[in-house]
Chemist: 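Below: one structure in structure tokens.
Note that the coordinates shown come from a computational prediction; the quantities given were computed from them, not determined experimentally. Heads up: numbering here begins at 1 and tracks the sequence.
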Amino acid sequence: MKVAIHQPHYLPWLGYFAKWAAADRFIFLDTVQYEKNGWQNRNRIKTAGGPRWLTVPVHAHLGTPIRDVTIDTTQQWRERHRRVIEQAYAKAPHLERYHDDGTAVLVERSVQETARGLGPDGPAYEGLMGPLVRDWDRLAPLAVASSRWLAEALGVVTPVVLASELGVEEGGPADDATARLVAFCRAVGADTYLAGQYGARYLDTGRFAAAGIAVQAQRYEHPVYAQLNGEFAPFLSALDLLLMHGDEALPILCGGSTWSCLSP
């Protein structure tokens, strides 16, 4: 079994889903610390004025676990995101198809409800704007929900689980990045770990080998595809690709990945 492990991101980019699609099980690493100015609470879409950030305002201190990060509910961020998406993609070929399916990401669900059930028998979300019409008070459930909605819309059927549900002890091996990843792989019965392009540099592959787990590293060449509003802009949310290419989005994004085995 191949497993991929990644922090929850808000409306993630193409490479995130390419790794997810290559796995047999995907683990949302909701036990790590929040990263300021990272991708956990923001991503970019393309507008007439160029790439634009969609940022979820949060309350977080240094060292706060992402699952404990709260959203600043005094700000009207959901309405802003909905309005910007609708304006930016008003002429996108597939906006109407996904409009009522995608916003369900912003529908408030528990982390457990959000993580479970993605797959052929899992429940579908209502629409692109669904997640933008309900109140969220924590970042992790929202980030997981936005990722799950995009995955389902793209056609990624790999089942998911939250790291916090796997019983890997904090304060023991979880203090060591490689040991923690090995523990998560063992918890789901994986024999292969799919590492990201940059995260692979920091792994102790010998310790994976000692646990009987092979490591494959992703190399991602960003595909070029038709976009609105002029010159191509890479590294956007996969929402851009989905609304422009619909059913063709998944093969396009998966075509950017190549995988290589890492030796101990």
Side-chain angles (χ1 to χ4, degrees), residues 1-9 12-33 35 39-40 65-67 111-122 140-141 143-145 147-148 150-152 154-220 238 250 253-264:
M1 174 194 289
K2 297 179 180 180
V3 67
I5 303 173
H6 211 294
Q7 301 172 19
H9 283 181
W13 77 298
L14 279 62
Y16 191 104
F17 291 105
K19 185 166 72 166
W20 186 339
D24 300 307
R25 181 70 63 87
F26 187 86
I27 299 174
F28 282 109
L29 192 59
D30 64 331
T31 56
V32 296
Q33 295 181 3
E35 295 178 352
W39 301 94
Q40 295 167 341
I66 186 174
R67 64 179 181 270
V111 182
Q112 290 75 17
E113 289 173 323
T114 301
R116 296 192 185 113
L118 181 59
D121 301 320
V144 170
S147 300
R148 285 201 55 217
L150 265 177
E152 187 169 320
L154 288 164
V156 178
V157 297
T158 302
V160 304
V161 65
L162 296 174
S164 58
E165 295 182 330
L166 293 177
V168 174
E169 291 293 330
E170 300 285 344
D175 285 339
D176 178 290
T178 295
R180 181 174 61 223
L181 294 174
V182 168
F184 287 136
C185 288
R186 282 175 163 168
V188 298
D191 56 24
T192 303
Y193 172 63
L194 301 182
Q197 183 168 341
Y198 301 107
R201 302 174 183 174
Y202 306 102
L203 296 178
D204 183 346
T205 55
R207 295 167 74 179
F208 277 91
I213 301 168
V215 178
Q216 295 183 11
Q218 181 189 39
R219 184 172 185 273
Y220 198 75
L250 185 60
L253 72 83
C254 287
S257 280
T258 55
W259 296 91
S260 59
C261 295
L262 299 184
S263 301

Chemist: Side-chain contact, heavy-atom cut-off 4.5 Å: Pro12 with Leu150?
Modeler: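 A side-chain contact exists here, since the closest heavy-atom pair is under 4.5 Å.
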
Chemist: Can I get a per-line list of side-chain donor-acceptor pairs under 3.5 Å for residues 191-199, giving both atom names and the distance, sequence neighbours left out?
Modeler:
residue, atom, partner, partner atom, Å
Asp191, OD1, Met1, N, 2.8
Asp191, OD2, Met1, N, 3.1
Gln197, OE1, Tyr220, N, 3.0

Chemist: Ring centres under 6.0 Å, that's the criterion: do Tyr16 and His6 meet it?
Modeler: yes

Chemist: Side chain of Thr158, backbone of Ala23: donor and acceptor closer than 3.5 Å?
Modeler: yes

Chemist: State, to 0.1 Å, how close Ile213 and Cys185 come at their nearest heavy-atom pair, and which atoms those are.
Modeler: CD1-CB, 3.6 Å

Chemist: What are the two closest heavy atoms between Thr178 and Asp204, and how far apart are they?
Modeler: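 Shortest heavy-atom separation between Thr178 and Asp204 comes out as OG1-N, 3.2 Å.
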
Chemist: Just wondering, do Val144 and Leu162 contact through their side chains at under 4.5 Å, heavy atoms?
Modeler: yes

Chemist: Hey, what do you get for CG (Leu29) to CD1 (Ile27), rounding to the nearest 0.5 Å?
Modeler: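 Going from the CG atom of Leu29 to the CD1 atom of Ile27 covers 8.5 Å.
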
Chemist: What is the distance from atom CG of Leu14 to atom NZ of Lys19, rounded to the nearest 0.5 Å?
Modeler: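 Answer rounded to 0.5 Å: 14.0 Å.
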
Chemist: Side-chain contact, heavy-atom cut-off 4.5 Å: Ile5 with Phe26?
Modeler: no

Chemist: Please report, to 0.1 Å, the donor-acceptor pairs under 3.5 Å made by any side chain of residues 256-264, with sequence neighbours excluded.
Modeler:
residue, atom, partner, partner atom, Å
Ser257, OG, Gln218, NE2, 2.9
Thr258, OG1, Arg219, O, 3.4

Chemist: Quick one: which of His9, Arg67, Arg148, Gln7 gives a side-chain contact (heavy atoms from CB on, under 4.5 Å) with Phe28?
Modeler: Arg148

Chemist: Specify the closest pair of heavy atoms between Leu250 and Gly155, including all atoms of both residues, with the distance to one decimal.
Modeler: CD2-O, 3.7 Å

Chemist: Test side chain to side chain contact (heavy atoms under 4.5 Å, CB included) on Lys2 and Arg25 and set out the steps.
Modeler: CA-CA 7 Å; Lys2 297 179 180 180; Arg25 181 70 63 87; over 6 Å; no

Chemist: Tell me the closest heavy-atom pair linking Leu154 and Ala238, and the distance in Å.
Modeler: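 Scanning both residues, the minimum pair turns out to be CD1-CB, 4.3 Å.
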
Chemist: Looking at every non-hydrogen atom in both residues, tell me the closest pair between Pro8 and Ile66 and how far apart they are.
Modeler: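 For Pro8 versus Ile66, the nearest heavy atoms are O-CD1, 3.9 Å.
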
Chemist: Supply the atom-to-atom distance Leu166 CG to Asp30 CG, rounded to the nearest 0.5 angstrom.
Modeler: 9.0 Å

Chemist: Counting only heavy atoms not in Arg207 (residues, nucleotides, ligands), do more than 12 fall under 6.0 Å from its CZ?
Modeler: yes

Chemist: Which heavy-atom pair separates Leu253 from Ala18 by the least distance, and what is that distance?
Modeler: CD1-N, 3.4 Å

Chemist: Determine yes or no for a side-chain-to-main-chain donor-acceptor pair under 3.5 angstrom, with Gln40 supplying the side chain and Glu35 the backbone.
Modeler: yes

Chemist: My understanding is that only residues two or more places apart in sequence, or in another chain, count here; which of them pass ring pair (Phe, Tyr, Trp, His ring centres under 6.0 Å) with Phe17?
Modeler: Trp20

